[in-house]
Amino acid sequence: MNSENRRKLLIEQELFARLSEDEVAELAEASHIVDLAKGDELFHKGDPGSHLYIVARGVLKAVTTSREGDDLVFNVMGPGETIGELAIFSGGRRSATISAMEESQLIVLRRNAVLPFLKSHPDAAFTLLAVLAERVQRLSEMVEDTHFRNLPSRLAKKLLELGDDYGQDHPEGFRISLSMSQEELGDLVGTTRESINKQMREWKANGLASMSHGTVTLHDLEALAALADSEA
(Lines give C-alpha, C1' and ligand atoms only; values in the text may rest on other atoms or scores of the structure.)
Protein backbone atom coordinates (compact mmCIF):
# COMPACT_ATOMS: atom_id res chain seq x y z
CA MET A 1 0.00 0.00 0.00
CA ASN A 2 1.49 3.35 -1.05
CA SER A 3 1.65 6.47 1.13
CA GLU A 4 -1.35 8.06 -0.60
CA ASN A 5 -3.58 5.14 0.36
CA ARG A 6 -2.19 5.26 3.90
CA ARG A 7 -2.95 8.99 3.99
CA LYS A 8 -6.57 8.30 3.01
CA LEU A 9 -6.86 5.73 5.80
CA LEU A 10 -5.28 8.05 8.38
CA ILE A 11 -7.49 11.02 7.57
CA GLU A 12 -10.58 8.88 8.23
CA GLN A 13 -9.46 8.28 11.83
CA GLU A 14 -10.80 10.50 14.63
CA LEU A 15 -7.31 10.95 16.04
CA PHE A 16 -6.14 12.76 12.90
CA ALA A 17 -9.40 14.37 11.80
CA ARG A 18 -8.29 17.95 12.59
CA LEU A 19 -4.95 17.79 10.81
CA SER A 20 -4.17 19.54 7.56
CA GLU A 21 -3.58 17.57 4.37
CA ASP A 22 0.18 18.25 4.63
CA GLU A 23 0.34 17.05 8.24
CA VAL A 24 -1.53 13.83 7.47
CA ALA A 25 0.69 13.27 4.43
CA GLU A 26 3.77 13.66 6.66
CA LEU A 27 2.46 11.04 9.09
CA ALA A 28 1.53 8.75 6.22
CA GLU A 29 5.10 8.87 4.96
CA ALA A 30 6.29 7.77 8.41
CA SER A 31 3.75 4.94 8.62
CA HIS A 32 3.47 1.46 7.22
CA ILE A 33 0.81 -1.23 7.03
CA VAL A 34 0.71 -4.60 8.74
CA ASP A 35 -1.67 -7.37 7.67
CA LEU A 36 -2.69 -10.15 10.06
CA ALA A 37 -4.43 -13.44 9.40
CA LYS A 38 -6.97 -14.70 11.91
CA GLY A 39 -5.12 -15.84 15.03
CA ASP A 40 -1.91 -13.92 14.29
CA GLU A 41 -0.35 -11.95 17.15
CA LEU A 42 0.32 -8.25 16.67
CA PHE A 43 2.53 -8.21 19.75
CA HIS A 44 2.96 -10.16 22.98
CA LYS A 45 2.62 -9.06 26.59
CA GLY A 46 6.03 -7.82 27.75
CA ASP A 47 7.26 -6.79 24.29
CA PRO A 48 8.83 -3.33 23.97
CA GLY A 49 6.22 -0.66 23.21
CA SER A 50 7.68 1.18 20.25
CA HIS A 51 4.68 1.60 17.91
CA LEU A 52 1.12 2.92 17.82
CA TYR A 53 -1.43 1.01 15.75
CA ILE A 54 -4.72 2.13 14.21
CA VAL A 55 -7.14 -0.57 13.10
CA ALA A 56 -8.05 0.01 9.45
CA ARG A 57 -9.90 -3.27 8.95
CA GLY A 58 -10.80 -6.32 11.02
CA VAL A 59 -11.17 -7.05 14.74
CA LEU A 60 -8.52 -7.76 17.38
CA LYS A 61 -8.61 -8.79 21.03
CA ALA A 62 -6.48 -7.80 24.02
CA VAL A 63 -5.56 -10.71 26.28
CA THR A 64 -3.63 -10.90 29.53
CA THR A 65 -2.53 -14.16 31.14
CA SER A 66 -2.19 -14.94 34.84
CA ARG A 67 0.75 -16.80 36.35
CA GLU A 68 -1.51 -19.84 36.50
CA GLY A 69 -2.01 -19.65 32.74
CA ASP A 70 -5.59 -18.36 32.76
CA ASP A 71 -6.47 -15.94 29.96
CA LEU A 72 -8.61 -12.84 30.31
CA VAL A 73 -9.89 -11.06 27.20
CA PHE A 74 -10.50 -7.52 28.41
CA ASN A 75 -11.06 -5.65 25.16
CA VAL A 76 -12.15 -6.14 21.56
CA MET A 77 -11.07 -3.49 19.03
CA GLY A 78 -12.39 -2.75 15.56
CA PRO A 79 -11.86 -0.23 12.74
CA GLY A 80 -10.84 3.26 13.86
CA GLU A 81 -9.63 2.19 17.30
CA THR A 82 -6.06 2.66 18.49
CA ILE A 83 -3.81 0.01 20.01
CA GLY A 84 -0.62 0.50 22.02
CA GLU A 85 -1.21 4.05 23.26
CA LEU A 86 -0.20 3.20 26.86
CA ALA A 87 3.32 2.14 25.84
CA ILE A 88 3.57 5.17 23.54
CA PHE A 89 3.11 7.47 26.53
CA SER A 90 5.14 5.47 29.04
CA GLY A 91 7.85 4.02 26.83
CA GLY A 92 7.36 0.77 28.72
CA ARG A 93 6.48 -2.74 27.71
CA ARG A 94 3.20 -4.07 26.38
CA SER A 95 0.62 -4.75 29.07
CA ALA A 96 -1.32 -7.32 27.02
CA THR A 97 -1.10 -9.65 24.05
CA ILE A 98 -2.99 -8.47 20.96
CA SER A 99 -4.15 -10.98 18.36
CA ALA A 100 -6.48 -10.91 15.37
CA MET A 101 -9.96 -12.40 15.73
CA GLU A 102 -10.33 -12.17 11.95
CA GLU A 103 -8.22 -11.06 9.00
CA SER A 104 -7.10 -7.53 9.91
CA GLN A 105 -5.09 -4.60 8.62
CA LEU A 106 -3.46 -1.91 10.75
CA ILE A 107 -1.66 1.37 10.19
CA VAL A 108 1.61 1.46 12.14
CA LEU A 109 3.36 4.58 13.45
CA ARG A 110 6.69 4.58 15.28
CA ARG A 111 6.84 6.12 18.75
CA ASN A 112 9.53 8.58 17.64
CA ALA A 113 7.09 9.88 14.99
CA VAL A 114 4.01 9.92 17.25
CA LEU A 115 5.47 11.78 20.24
CA PRO A 116 6.50 14.95 18.33
CA PHE A 117 3.10 14.87 16.63
CA LEU A 118 1.29 14.71 20.00
CA LYS A 119 3.40 17.55 21.41
CA SER A 120 2.43 19.82 18.54
CA HIS A 121 -1.22 18.63 18.42
CA PRO A 122 -2.59 18.57 21.99
CA ASP A 123 -6.12 17.80 20.74
CA ALA A 124 -4.85 14.46 19.45
CA ALA A 125 -3.04 13.82 22.74
CA PHE A 126 -6.28 14.42 24.66
CA THR A 127 -8.08 12.04 22.28
CA LEU A 128 -5.57 9.31 23.12
CA LEU A 129 -5.88 10.07 26.83
CA ALA A 130 -9.66 9.74 26.50
CA VAL A 131 -9.13 6.31 24.94
CA LEU A 132 -6.93 5.32 27.88
CA ALA A 133 -9.50 6.58 30.38
CA GLU A 134 -12.22 4.58 28.64
CA ARG A 135 -10.07 1.45 28.80
CA VAL A 136 -9.50 1.92 32.54
CA GLN A 137 -13.22 2.45 33.09
CA ARG A 138 -14.01 -0.69 31.07
CA LEU A 139 -11.59 -2.73 33.18
CA SER A 140 -13.17 -1.38 36.37
CA GLU A 141 -16.62 -2.31 35.11
CA MET A 142 -15.38 -5.78 34.21
CA VAL A 143 -14.06 -6.34 37.73
CA GLU A 144 -17.30 -5.07 39.25
CA ASP A 145 -19.44 -7.17 36.93
CA THR A 146 -17.44 -10.30 37.71
CA HIS A 147 -17.90 -9.79 41.45
CA PHE A 148 -21.45 -8.45 41.62
CA ARG A 149 -23.33 -9.82 38.61
CA ASN A 150 -24.32 -13.40 37.90
CA LEU A 151 -23.42 -14.99 34.56
CA PRO A 152 -26.73 -14.34 32.73
CA SER A 153 -26.51 -10.64 33.61
CA ARG A 154 -22.83 -10.36 32.62
CA LEU A 155 -23.30 -12.25 29.39
CA ALA A 156 -26.42 -10.33 28.36
CA LYS A 157 -24.65 -7.03 29.01
CA LYS A 158 -21.60 -8.05 26.96
CA LEU A 159 -23.64 -9.40 24.04
CA LEU A 160 -25.67 -6.19 23.88
CA GLU A 161 -22.44 -4.17 23.87
CA LEU A 162 -21.04 -6.30 21.05
CA GLY A 163 -24.36 -5.94 19.26
CA ASP A 164 -24.04 -2.15 19.43
CA ASP A 165 -20.62 -2.34 17.78
CA TYR A 166 -21.00 -5.28 15.41
CA GLY A 167 -24.73 -6.06 15.20
CA GLN A 168 -26.71 -6.38 11.99
CA ASP A 169 -30.39 -6.98 11.35
CA HIS A 170 -31.06 -10.57 10.35
CA PRO A 171 -34.22 -12.56 9.56
CA GLU A 172 -33.64 -14.60 12.74
CA GLY A 173 -33.00 -11.55 14.93
CA PHE A 174 -30.04 -9.26 15.54
CA ARG A 175 -26.79 -10.96 14.52
CA ILE A 176 -23.34 -10.07 15.88
CA SER A 177 -21.05 -10.12 12.85
CA LEU A 178 -18.01 -11.11 14.86
CA SER A 179 -16.80 -14.69 14.91
CA MET A 180 -15.98 -15.85 18.46
CA SER A 181 -15.41 -19.19 20.09
CA GLN A 182 -17.27 -20.07 23.28
CA GLU A 183 -13.92 -19.87 25.05
CA GLU A 184 -13.34 -16.30 23.83
CA LEU A 185 -16.84 -15.28 24.85
CA GLY A 186 -16.24 -16.88 28.25
CA ASP A 187 -12.99 -14.93 28.65
CA LEU A 188 -14.85 -11.68 27.96
CA VAL A 189 -17.24 -12.28 30.88
CA GLY A 190 -14.90 -14.16 33.22
CA THR A 191 -16.25 -17.68 32.95
CA THR A 192 -15.53 -21.03 31.30
CA ARG A 193 -16.40 -22.38 27.87
CA GLU A 194 -18.60 -24.98 29.54
CA SER A 195 -20.62 -22.31 31.35
CA ILE A 196 -21.10 -20.35 28.11
CA ASN A 197 -22.22 -23.51 26.32
CA LYS A 198 -24.78 -24.25 29.04
CA GLN A 199 -26.10 -20.68 29.15
CA MET A 200 -26.41 -20.37 25.38
CA ARG A 201 -28.26 -23.70 25.17
CA GLU A 202 -30.69 -22.45 27.81
CA TRP A 203 -31.20 -19.14 26.04
CA LYS A 204 -31.71 -20.88 22.70
CA ALA A 205 -34.44 -23.06 24.24
CA ASN A 206 -36.09 -19.94 25.70
CA GLY A 207 -35.78 -17.89 22.50
CA LEU A 208 -33.39 -15.25 23.87
CA ALA A 209 -30.21 -15.87 21.89
CA SER A 210 -28.32 -18.59 20.05
CA MET A 211 -24.78 -19.34 18.94
CA SER A 212 -23.85 -21.29 15.83
CA HIS A 213 -20.40 -21.74 14.27
CA GLY A 214 -19.00 -18.87 16.33
CA THR A 215 -21.76 -16.40 15.47
CA VAL A 216 -24.25 -15.11 18.06
CA THR A 217 -27.79 -14.08 17.14
CA LEU A 218 -29.88 -12.09 19.61
CA HIS A 219 -33.55 -13.07 19.32
CA ASP A 220 -35.15 -11.15 22.21
CA LEU A 221 -33.40 -7.83 22.82
CA GLU A 222 -35.93 -6.72 25.43
CA ALA A 223 -35.44 -9.83 27.58
CA LEU A 224 -31.65 -9.56 27.27
CA ALA A 225 -31.76 -5.89 28.24
CA ALA A 226 -33.78 -6.77 31.34
CA LEU A 227 -31.15 -9.36 32.28
CA ALA A 228 -28.35 -6.88 31.65
CA ASP A 229 -30.03 -4.31 33.93
CA SER A 230 -30.30 -6.87 36.70
CA GLU A 231 -27.41 -7.15 39.14
CA ALA A 232 -28.76 -10.24 40.82
Side-chain angles (χ1 to χ4, degrees), residues 1-64 73-139 161-162 164-168 177-178:
M1 181 182 291
N2 60 33
S3 61
E4 174 60 18
N5 288 332
R6 297 198 302 274
R7 184 194 66 80
K8 290 178 180 177
L9 285 173
L10 281 172
I11 207 166
E12 292 173 356
Q13 312 307 320
E14 179 185 358
L15 186 61
F16 310 111
R18 299 185 183 183
L19 299 187
S20 69
E21 290 282 338
D22 289 343
E23 288 170 327
V24 175
E26 185 179 345
L27 277 175
E29 286 291 339
S31 71
H32 65 276
I33 294 290
V34 62
D35 293 298
L36 300 177
K38 181 178 180 179
D40 284 353
E41 279 191 4
L42 179 63
F43 53 75
H44 198 79
K45 182 178 180 179
D47 287 349
S50 55
H51 294 80
L52 178 72
Y53 302 87
I54 303 99
V55 183
R57 175 170 51 84
V59 182
L60 300 97
K61 62 180 180 179
V63 183
T64 188
V73 180
F74 61 86
N75 200 15
V76 174
M77 296 148 293
E81 296 193 72
T82 58
I83 298 173
E85 62 283 334
L86 180 59
I88 285 294
F89 281 118
S90 69
R93 296 188 174 273
R94 300 299 187 186
S95 58
T97 297
I98 306 293
S99 60
M101 297 181 71
E102 62 185 43
E103 186 177 290
S104 301
Q105 185 177 74
L106 300 99
I107 306 167
V108 187
L109 285 162
R110 297 187 309 275
R111 184 172 186 263
N112 59 12
V114 173
L115 288 180
F117 158 72
L118 293 177
K119 288 177 181 178
S120 59
H121 299 88
D123 284 346
F126 279 115
T127 299
L128 272 184
L129 287 172
V131 171
L132 281 171
E134 184 180 342
R135 299 256 168 92
V136 171
Q137 183 178 12
R138 189 177 298 152
L139 282 171
E161 289 173 355
L162 292 172
D164 284 342
D165 292 333
Y166 305 104
Q168 298 176 346
S177 59
L178 175 63

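All of these numbers come straight from a predicted model, not from anything done at the bench.
- Atom CG of residue L42 and atom OG of residue S99 lie 9.0 Å apart, to the nearest 0.5 angstrom.
- Interatomic distance, L106 CG to L9 CG, rounded to the nearest 0.5 Å: 10.5 Å.
- Taking all atoms of both residues into account, the shortest heavy-atom contact from T97 to H44 is OG1-ND1, 3.4 Å.
- The heavy-atom pair separating A113 from A30 by the smallest distance is CB-CB, 4.2 Å.
- Residues K119 and P122 share a closest heavy-atom pair of O-CD, 4.3 Å.
- Taking each heavy atom of L109 and L27 in turn, the nearest pair found is CD2-O, 3.6 Å.
- Taking both residues in full, the closest heavy atoms of E4 and R7 are given as OE2-NH2, 2.7 Å, listed atom of the first, atom of the second, then distance.
- Here the straight-line distance linking atom CG of L118 with atom CZ of R111 works out to 10.0 Å at 0.5 Å rounding.
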Distance-only criterion, 3.5 Å: show the donor-acceptor pairs between side-chain atoms of residues 48-62 and protein atoms not counting sequence neighbours.
from	atom 1	to	atom 2	distance (Å)
R57	NH1	E103	OE2	3.4
K61	NZ	E184	OE2	2.7

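- Across every non-hydrogen atom of Y166 and E81, the tightest pair is OH-OE2, 4.4 Å.
- More than 12 heavy atoms of other residues, nucleotides or ligands sit less than 6.0 Å from atom CD of Q105.
- Residue D165 holds its CG atom at 8.0 Å from CD of E161, rounded to the nearest 0.5 Å.
- Note that CD1 of I98 and CG of L36 are 10.5 Å apart. Values are rounded to the nearest 0.5 Å.
- With 3.5 Å as the limit, one finds no donor-acceptor pair spanning the side chains of K45 and S95.
- Two residues are said to be in side-chain contact when any heavy atoms from C-beta on lie closer than 4.5 Å; R93 and D47 fail this criterion.
- Without hydrogens or angle criteria, S104 side chain to E102 main chain gives a donor-acceptor distance under 3.5 Å.
- Here the CG-CD1 distance, from D35 to I33, works out to 7.0 Å after rounding to the nearest 0.5 Å.
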